[in-house]
Protein chains: 4
Amino acid sequence: MAGKKGQLLNLSPNNKRAIQGENKKRLILQVATEVFAAKGFNEATISQIAKKANIAEGSIYDYFKNKEDLLFSIPEERMDNFLSGLQEHLEGIKGPLSKLRKLIWYHLNFYEKNKDYVLILLQNIQQNPRFNSTRAYQLIREFSKRVVQIIEEGKKEGVLRTDIDSRLLRDAILGAIEHITIRGSILGRLPTLTAEAEALYDVFVSGIQPQIPGERS
Amino acid sequence: MAGKKGQLLNLSPNNKRAIQGENKKRLILQVATEVFAAKGFNEATISQIAKKANIAEGSIYDYFKNKEDLLFSIPEERMDNFLSGLQEHLEGIKGPLSKLRKLIWYHLNFYEKNKDYVLILLQNIQQNPRFNSTRAYQLIREFSKRVVQIIEEGKKEGVLRTDIDSRLLRDAILGAIEHITIRGSILGRLPTLTAEAEALYDVFVSGIQPQIPGERS
Amino acid sequence: MAGKKGQLLNLSPNNKRAIQGENKKRLILQVATEVFAAKGFNEATISQIAKKANIAEGSIYDYFKNKEDLLFSIPEERMDNFLSGLQEHLEGIKGPLSKLRKLIWYHLNFYEKNKDYVLILLQNIQQNPRFNSTRAYQLIREFSKRVVQIIEEGKKEGVLRTDIDSRLLRDAILGAIEHITIRGSILGRLPTLTAEAEALYDVFVSGIQPQIPGERS
Amino acid sequence: MAGKKGQLLNLSPNNKRAIQGENKKRLILQVATEVFAAKGFNEATISQIAKKANIAEGSIYDYFKNKEDLLFSIPEERMDNFLSGLQEHLEGIKGPLSKLRKLIWYHLNFYEKNKDYVLILLQNIQQNPRFNSTRAYQLIREFSKRVVQIIEEGKKEGVLRTDIDSRLLRDAILGAIEHITIRGSILGRLPTLTAEAEALYDVFVSGIQPQIPGERS
DNA sequence: TATGAATGAGAGTTCATTCAT
DNA sequence: AATGAATGAACTCTCATTCAT
């Protein structure tokens, strides 16, 4: 979880054969994520990834069908984590607004901790039409639906305006989050991405007009 | 081999060439925009563009240094148009909120009319680090500053909350716009992109909570 | 026709641009034939062919879709020549037996003059299942039918036994020719391939038993 | 991971291994023959063979030096069988013509029963120049000489024409046989390969001209 | 200016072979 | 003897770019 690079822990003398199976696959995915994020999918080469992972080029093809499969495999696990993490965080929270607040915070927080991944997802993966036949894509759609769901709960319970199209609102929220993240990632300034969560939530909930004193809690 | 096409119409020679020069450049840019949008920068080839523009591959290099230069030249004129058009539309409008409303409408409207361009801008250009040394990039930053400016006018005039970070707000608004546009473009459903402008403005201005009756105009 | 290698005759100074279009395609086919014959299709590389033809590897792909297309293009012209040549040689010949004699001679003669091509045809092309969808394959089948035709003419005219299956006979004759050619090519001893034509014809026509004196013409 | 297959049956350990060695080699050869025949030598992969034989890729290299050695090992045993079988069948047969008849029948019969092998022999092995340094190649030459021998016996005994070159005749006969076999194998129609033996023998012995009634036995 | 044939570096990918276990 | 993950050389093919015409 916390560990940065040094995942290679207790290796036997010849470490070439020590990292195996699922671990090696993970290593490749990790390195590929870094390289793709740094150079972009097209500019990155298999040979660079292999070199950085300290393995042979051919080995990558033992775990992934081809370069694109490697790319599309990156979101697989991350999306699982993202969704199950979201589920956990929303558990026990009452009220659609509270859920929304949490969701914004969780989203920004996740992106902050997975900068490389987000960059790849937004810039290399989502725009690829073949991604749509992926399981990861389905998970993203699921998440998207979850947001709409929360919004509609809010409408039903009377804490959200019913005159706003749910999908528009969803797009606005997710778009804002993504834009903030990308700007942060590219420009290198996102020291406190998570810190912006509350502010962003506040913008959406209360609007940008000055509060009329004593009006809302 | 013998018969070319018959592009030579009855223009005085030098006039013709002078016009053709600029025209041809525009033609290339136009076709390149379509091809890049349809296939993505990397998958598109110079040869495809040349064929679609009915010119020789080599001719492209008479007008553009290389493929990337061709890509980066696309926003040049568009951004000029975008900014001057915005200027015009904002002229005579009083009040930062009205300006913001107009800006959101203008932005979505422009994107709606320039789908190909937007796709390229968001997916192929902005993520390229070398784009940052471009004049077009400067224009985008200028626009970005203009948005912040309007926001800060609003704060000064007391029609916008002062407790919201201006850049955060800007990112939220632009992010929402972009997300709505991209979703529309990729998913093919954007029949009334402009129609969403008012709704989006409303979300930001009034927030998503139900209005307390009779409170605001 | 007679010319061996030095087909590059009156070239302008920069010969790189001098061989053009159909000529270059022919050059590549010629060189490819030599290289494929010498090393076999799989062992031969595009780079070897390019080097031997004094062109860039990429140029080969301007004229042929891929390596296999290059291989399958070899029989194209040769088969046309083979068939039209056969047609010419059979013209004016009366009697199926005389035609058969000519055919055997012509076949061996052609193979003798096209050793490289034959080697490739028999060892690399015909065994490739994808060759069957080729025009050249159709030409081969046509030739095959032509042989059967002659045989059946012979039966009708009473100069050939009617109790022999025509296709069996065809296979026997063509098989004999091919085997003689291949043995000659591979073992390097085929100084007088054509010279064997009459003997082979004689074997088939008269059989291998001693002639009873004064029996046939 | 934990559970292997259950190949360990109840054999006394050392017995089992001893038998397995030679058996395994045979298994590999058998499977390799099938795979090479189906896909061709170059298109076939060691991994495919290993998978089909239910062994590890590496195990193949315990029995064969490399892929080519595996290929060249295929004719080894088959040629031994072929030759000793031929010997048996020719035993007791009097007269070169009868021997020739038998030889043609035996050859076609063997090919019919060993289609896969023949395909490989004719299409992948014989054209490989390195095959010539093989023992199997020597066996083939021996067979070839045996045919010439029979032919020359025939000449000596006066039942074969002496004016036909023995090697030419041999090539014609073997070529016919091979062509018939290959056509049959590739085109998928060889229901009665052996049945054609007598007809083929007849073609060679009596020639293709109509018999003059009552002339020969 | 315009052309488009030619270039050639460089990419992804395959697979025979090795060798630690 | 048996394994199969790992290797890495070598291949085919693409395509941005050049330049003689």
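No hydrogens, no waters, no symmetry mates; every other heavy atom, side chains included, goes into these values.
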(message) Give the residues of residues 38-48 of chain D touching DNA chain E, defined as any heavy atom closer than 4.0 Å, sorted by residue number.
(response)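 The answer is D:Ala44, D:Thr45, D:Ile46.
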(message) If you take any heavy atom closer than 4.0 Å to DNA chain E, which residues from residues 66-75 of chain C end up in contact?
(response)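 The answer is none.
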Could you give the [atom1]-to-[atom2] distance, from [X] to [N], as a whole number of Å?
X       : N      : atom1 : atom2 : value
C:Ile55 : E:dA5  : CD1   : P     : 14 Å
A:Phe64 : E:dG12 : CZ    : C1'   : 16 Å
A:Leu27 : F:dA5  : CG    : P     : 16 Å
D:Ile60 : E:dT18 : CD1   : P     : 13 Å
D:Ile49 : F:dG4  : CD1   : P     : 17 Å
B:Lys51 : F:dC15 : NZ    : C1'   : 13 Å
C:Lys25 : E:dA6  : NZ    : C1'   : 17 Å
B:Asn23 : E:dT1  : CG    : C1'   : 15 Å

Rounded to the nearest 0.5 Å, what separates atom [atom1] in [X] from atom [atom2] in [Y]?
X       : Y        : atom1 : atom2 : value
B:Thr33 : B:Ile74  : OG1   : CD1   : 3.5 Å
D:Leu29 : D:Tyr63  : CG    : OH    : 11.5 Å
B:Ser73 : B:Arg78  : OG    : CZ    : 12.5 Å
C:Asn42 : C:Asn124 : CG    : CG    : 7.5 Å

Looking at the side chain of [X], which of [options] is the nearest nucleotide?
X       : options                : answer
B:Asp62 : E:dA2, E:dG4, E:dT18   : E:dA2
D:Tyr63 : F:dT18, F:dA1, F:dT12  : F:dA1
B:Tyr61 : F:dC13, E:dT13, F:dT17 : F:dT17
B:Ser59 : E:dT3, F:dA2, E:dT7    : E:dT3

(message) Which residues pass the ring pair (Phe, Tyr, Trp, His ring centres under 6.0 Å) test with C:Phe64, not counting sequence neighbours?
(response)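 So C:Phe64 forms no ring pair (Phe, Tyr, Trp, His ring centres under 6.0 Å) with any residue.
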(message) For C:Tyr117, give me all partners under ring pair (Phe, Tyr, Trp, His ring centres under 6.0 Å), at least two apart in sequence or on another chain.
(response)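 Scan of C:Tyr117 (ring pair (Phe, Tyr, Trp, His ring centres under 6.0 Å), adjacent residues dropped) gives none.
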(message) Heavy-atom nearest nucleotide on DNA chain E for B:Glu57 versus D:Gly58: which residue maps closer to 5'?
(response)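 Residue closer to the 5' terminus by nearest nucleotide: B:Glu57.
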(message) Assess whether a salt bridge exists between B:Asp62 and B:Lys25, defined as any Lys/Arg side-chain N lying under 4.0 Å from an Asp/Glu carboxylate O.
(response)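 No.
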(request) Could you list the residues that satisfy side chain to side chain donor-acceptor pair (under 3.5 Å) with C:Lys51, not counting sequence neighbours? (result)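 Not a single residue meets the side chain to side chain donor-acceptor pair (under 3.5 Å) criterion with C:Lys51.
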(message) Tell me whether the side-chain N/O atoms of B:Lys24 come closer than 4.0 Å to OP1 or OP2 in E:dT1.
(response)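 It does not, given that no N or O in the side chain of B:Lys24 lies less than 4.0 Å from OP1 or OP2 of E:dT1.
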(request) Look at the side-chain N and O atoms of B:Lys65 and state whether any lies under 4.0 Å from the OP1 or OP2 oxygen of F:dT17. (result)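 No, B:Lys65 has no side-chain N/O under 4.0 Å of OP1/OP2 on F:dT17.
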(message) Has B:Ser59 got a side-chain atom pairing as donor or acceptor with B:Ile55's backbone, closer than 3.5 angstrom?
(response)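 Here the side-chain-to-backbone pair does not exist.
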(message) Using only atom types and a distance under 3.5 Å, with no angle test, would you say the side chain of D:Thr45 pairs donor to acceptor with the backbone of D:Gln48?
(response)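 Side chain of D:Thr45 to backbone of D:Gln48: a pair is present.
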(message) Pairing donors with acceptors under 3.5 angstrom, does anything connect the side chains of B:Gln123 and B:Gln127?
(response)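 Per modelled atom types, B:Gln123 and B:Gln127 side chains form no pair under 3.5 Å.
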(message) For a quick test of reading the model, state the closest non-hydrogen atom pair linking A:Leu119 to A:Ala37 and the distance between them.
(response)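 Shortest heavy-atom contact: CD2-O, 3.8 Å.
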(request) Please map the stems of DNA chain F, keeping only stretches of three or more Watson-Crick or G-U wobble pairs with both distances under 3.5 angstrom. (result)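 Runs of three or more consecutive pairs: E:2-21 with F:2-21.
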